[in-house]
Amino acid sequence: MNSQEILAGDRGALARALTLIESARADHQAQARALLRELPPRQTQRVGVTGPPGAGKSTLIESLGLLALEQGRRVGVLAIDPSSQRTGGSILGDKTRMEELSRDSRAFVRPSPAAGALGGVARRTREAILLLEGAGYDLILVETVGVGQSEVAVSHLVDTVLLVALPGAGDDLQGMKRGLMETADVVWVNKADGDRLPAARQAANQLSLALRLLGSRTPGWQVPVLAGSALEPPQTLWDALQRHFTPEVVALRAQQGLYWLERGLEDRLLAHFLSDTARAQEWNHLRNRVQNGEISPEDALAELFKR
Ligand SMILES: Nc1nc2c(ncn2[C@@H]2O[C@H](COP(=O)(O)OP(=O)(O)OP(=O)(O)O)[C@@H](O)[C@H]2O)c(=O)[nH]1
Ligand SMILES: [Mg+2]
């Protein structure tokens, strides 16, 4: 496959290029990078969609995506799924949840690639975003389950983080990870329909109060907390996402590049350092001793670098 086919809208070529990006082989990755260099830069909007399992992220992405198509946008959907034990495989595995969007020629939905270490997942997602953008998709939606570090990773990959929360008892909200709340730019309390409507409104109020105390990661931005149903066109959510998407926010992409450069160096240095078997053994030994409280982290580091 080549860049001409991708620019011409060949979906098969695009799928094959994504497979290249997902490959663990160094030559495949080099080919993918060469391909990415041939694609023109475009003005795009990137939104991360995070939240607890079953909150309705995929359903909301479908509704939001369909709304975006009506606005004349072209929509690309990706997933970050670093956990390997999720039942049923990938986050987007159940295609039925994005059936309409998947079928539309102006959208491209990529089910989650195989799980892996977060560094690798982030690299693949970053390149997949660039590839979809090069292919002409101007709204990229990235789904990730908010359990663990992936919500932090996604916040460094997108312009806007949308947190999908669930209505429920107050203690649900207390239980929601602080990290999830801290990375959110827009909060959507989902399943605000039928019997759940009062609970959803109450949850939205509580979250709104909590977020006022936490502040937001974008200076001058008050995180809006909306309640609604993913089963209907989420127009208020669409408007909030557009309000957050300012030139100042887009300018932060340069910082994100630096962030991934530094994470990449850390990963490579660590891999290089531990490629020596004796050193790797000593490292594991020291880790155990630190964990058992037998030695301080500082003393362990001093010992490791003594030689
Ligand atoms: N009533 C109602 N049901 C919803 C709504 N949004 C999603 N659902 C249902 O909730 C279930 C989970 O929805 P998903 O969209 O798969 O949730 P998810 O957050 O993507 O789930 P994971 O990817 O597995 O973490 C499905 O059965 C949906 O039909 C909503 O707004 N109202
Ligand atoms: Mg999902």
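Just the heavy atoms: all of them, side chains too, but no hydrogens, waters or symmetry mates, feed the values below. Whatever order the structure lists ligands and atoms in, that order sets their numbers, starting from 1. Predicted model, so just to flag it, every value in this text is computed and none were measured.
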Q | Ligand-residue contact atoms, ligand 1 with Glu143, heavy atoms, under 4.0 Å | A | 20 (O), 23 (O)

(Q) Between Leu131 and Leu7, is there shared hydrophobic-cluster membership here, with clusters defined by ILVMFWY side-chain heavy atoms closer than 4.5 Å? (A) yes

Q) Between Lys306 and Glu282, is there a side-chain N and carboxylate O pair less than 4.0 Å apart? A) no

Q | Subset of ligand 1 atoms that lie under 4.0 Å from at least one heavy atom of Arg196 | A | 1 (N)

**Q.** Residue Ser58, metal the Mg ion (ligand 2), N/O/S under 2.8 Å
**A.** yes

Q | CD (Glu262) with more than 12 external heavy atoms under 6.0 Å | A | yes

Q) Taking the non-hydrogen atoms of Gly54, is any one of them nearer than 4.0 angstrom to ligand 1? A) yes

(Q) The criterion is salt bridge (Lys or Arg N to Asp or Glu O under 4.0 Å); which residues satisfy it with Arg25, sequence neighbours excluded? (A) Asp27

**Q.** From Leu166, Thr50, Thr59, Val164 - option closest to atom 28 (C) of ligand 1 by heavy atom
**A.** Thr59

(Q) Restricting to N, O or S, what is the name of the atom of Glu143 that lies nearest the Mg ion (ligand 2)? (A) OE2

Q) Is it the side chain, the backbone, both or neither of Asp193 that has a heavy atom closer than 4.0 Å to ligand 1? A) side chain

Q: Go through ligand 1 atom by atom and flag the ones less than 4.0 Å from a non-hydrogen atom of Leu231.
A: 1 (N), 2 (C), 30 (C), 31 (O), 32 (N)

Q: For residues Ile6 and Ala135, report the shortest heavy-atom separation together with the two atoms involved.
A: CG2-CB, 3.7 Å

Q: Check ligand 1 against Pro53 and write out every atom of the ligand that is under 4.0 Å from a heavy-atom position of the residue.
A: 25 (O)

Q. If we only count N/O pairs under 3.5 Å, is Leu60 in contact with ligand 1?
A. no

(Q) Taking distance alone, with N or O pairs closer than 3.5 Å, would you say Ala192 contacts ligand 1? (A) no

**Q.** With Trp221 via ring pair (Phe, Tyr, Trp, His ring centres under 6.0 Å) - residues at least two apart
**A.** His244

Q. Does any N/O atom on Gly56 come nearer than 3.5 Å to any N/O atom on ligand 1?
A. yes

Q.
Could you tell me if Arg11 sits above the aromatic ring of Phe108, with its cationic atom closer than 6.0 Å to the ring centre and no more than 45 degrees from the axis?
A. no

Q: Would you sort out whether Thr44 and Glu133 count as a side chain to side chain donor-acceptor pair (under 3.5 Å), showing the intermediate values?
A: CA-CA 7 Å; Thr44 62; Glu133 290 177 343; 2.7 Å; yes

(Q) Quick check on contacts: which atoms of ligand 1 are under 4.0 angstrom from a heavy atom of Ala230? (A) 6 (N), 30 (C), 31 (O)

(Q) Tell me whether Ser275 contacts the main-chain N or O of His272 through its side chain, where contact means a donor paired with an acceptor under 3.5 Å. (A) yes

